[in-house]
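None of these values were measured; they are calculated from a predicted model. One is the number of the first residue; the rest follow in order along the sequence.
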Amino acid sequence: EQWFAQGSSWKGKKVLVTAGGTIERLDPVRFLTNDSSGKMGFAIAEAAVNRGADVTVIAARIQGEPAAGIHVVRVESAEQMLEEVLSRFDDMDIVIKAAAVADYRPIARADSKLKKKSDRLVIELERTTDILQTIGQRKKGQFIVGFAAETEQVEHYAMDKLIRKNCDLIVANDVSVEGAGFNGDTNIVHLFGQEGRIASWPMLQKSEVAHRLLTLIAERITDKGDRG
Ligand code: CTP
Ligand code: CA
């Protein structure tokens, strides 16, 4: 195994990152989305490029412009993100799912702008496909990292997602804490593996979280290789 931790090369390694908040359209001019900025995902992508990896980002709604050297594929909806992830998944070494994917989408999407009529409007939503769970089921040696945004019982929900979605690592952030999560340039994360909590890092710049995360991934891939 040529996966080493700190400071060494990820040359030839294929990394897929998802970033940003998906957009689920109601009509041509209106959509449902969330507060994700894409900053965490792009910080990870940039850190992987710096280690020499071949990096593709499937990006939904994001703030700012991605750094050079990253292959970016733009999408809107959860369904489009699913397609772009699945079409590349088999070739990947590492997949990092930092995107904030809509859990529900409008059942109907109007082709022309909706006109106001009654005093109340009920919009019916249906579940989207869970991208992380789908790739977890198809996993053939890829190292899969999921994210978990929680406001309570972080460990309990993070471990549940790790097991249910067959991930190798979960990066959980308590989005109720100042300095963690969606917007902003910092994050406070807790790392979980199959064995439970691995680490809890203090508030760090997202670039530093990205760097530490890649080091942790490299260590765990090397360990996996060593075991057989
Ligand atoms: N995720 C996904 N596809 C979805 C929903 C979520 O791939 N349709 C991924 C996210 O990209 C993230 C992880 O699942 O890596 C966890 O997302 P999160 O919203 O925290 O968890 P959910 O499983 O959606 O559960 P809930 O929102 O109910 O907490
Ligand atoms: Ca969700």
Considering all heavy atoms, the nearest [X]-[Y] contact:
X	Y	value
Ala98	Gly41	CB-CA, 3.8 Å
Trp10	Ile217	CH2-CG2, 4.2 Å
Val154	Ala172	CG1-CB, 3.7 Å
Ala180	Asp174	CB-O, 3.5 Å
Ala60	Gly20	CB-C, 4.2 Å
Val209	Trp201	O-CZ3, 3.8 Å

**OP:** Take Arg105 and Glu76, measure what salt bridge (Lys or Arg N to Asp or Glu O under 4.0 Å) needs, and give me the verdict at the end.
**Re:** CA-CA 12 Å; Arg105 65 165 161 255; Glu76 284 200 345; over 6 Å; no
Gap separating the [atom1] atom of [X] from the [atom2] atom of [Y], nearest 0.5 angstrom:
X	Y	atom1	atom2	answer
Leu86	Ile131	CG	CD1	8.0 Å
Ile58	Thr18	CD1	OG1	8.0 Å
Leu169	Ile94	CG	CD1	10.5 Å
Gln153	Asp160	CD	CG	10.5 Å
Thr129	Glu83	OG1	CD	10.5 Å
Ile170	Ile144	CD1	CD1	10.5 Å

[X] side chain to [Y] backbone, donor-acceptor under 3.5 Å:
X	Y	answer
Thr186	Gly179	yes
Glu24	Ala78	yes
Gln80	Ser77	yes
Lys206	Gly184	yes
Arg61	Asn34	yes
Asn173	Val189	no
Gln137	Leu132	no
Thr128	Ala102	yes

Evaluate the side-chain proximity of [Y] to [X]: yes if any heavy-atom separation is below 4.5 Å, no if none is.
X	Y	value
Asp168	Arg220	no
Thr215	Arg51	yes
Phe42	Val72	yes
His190	Glu150	no
Lys140	Gln142	yes
Val17	Ile70	no
Ile96	Phe147	yes
Leu82	Glu79	yes

Report whether [X] and [Y] are members of the same hydrophobic cluster (ILVMFWY, side-chain heavy atoms less than 4.5 Å apart, transitive linking).
X	Y	answer
Val29	Leu32	no
Met92	Leu214	no
Tyr157	Ile188	no
Val177	Val171	no
Val101	Ile62	no

**OP:** Count the heavy atoms of every other residue, nucleotide or ligand shown that sit under 6.0 Å from CD of Glu178, and state whether that count exceeds 12.
**Re:** no
Original post:
Would the number of heavy atoms belonging to other residues, nucleotides or ligands and lying under 6.0 Å from CZ of Arg138 be above 12?
Top reply: no
**OP:** Inspect the contact between Asp130 and Lys165 and indicate whether a charged nitrogen and a carboxylate oxygen are less than 4.0 angstrom apart.
**Re:** yes
Subject >> Partner residues of Asp185 under the salt bridge (charged side-chain N to carboxylate O under 4.0 Å, His left out) criterion, sequence neighbours left out >> reply: Lys39
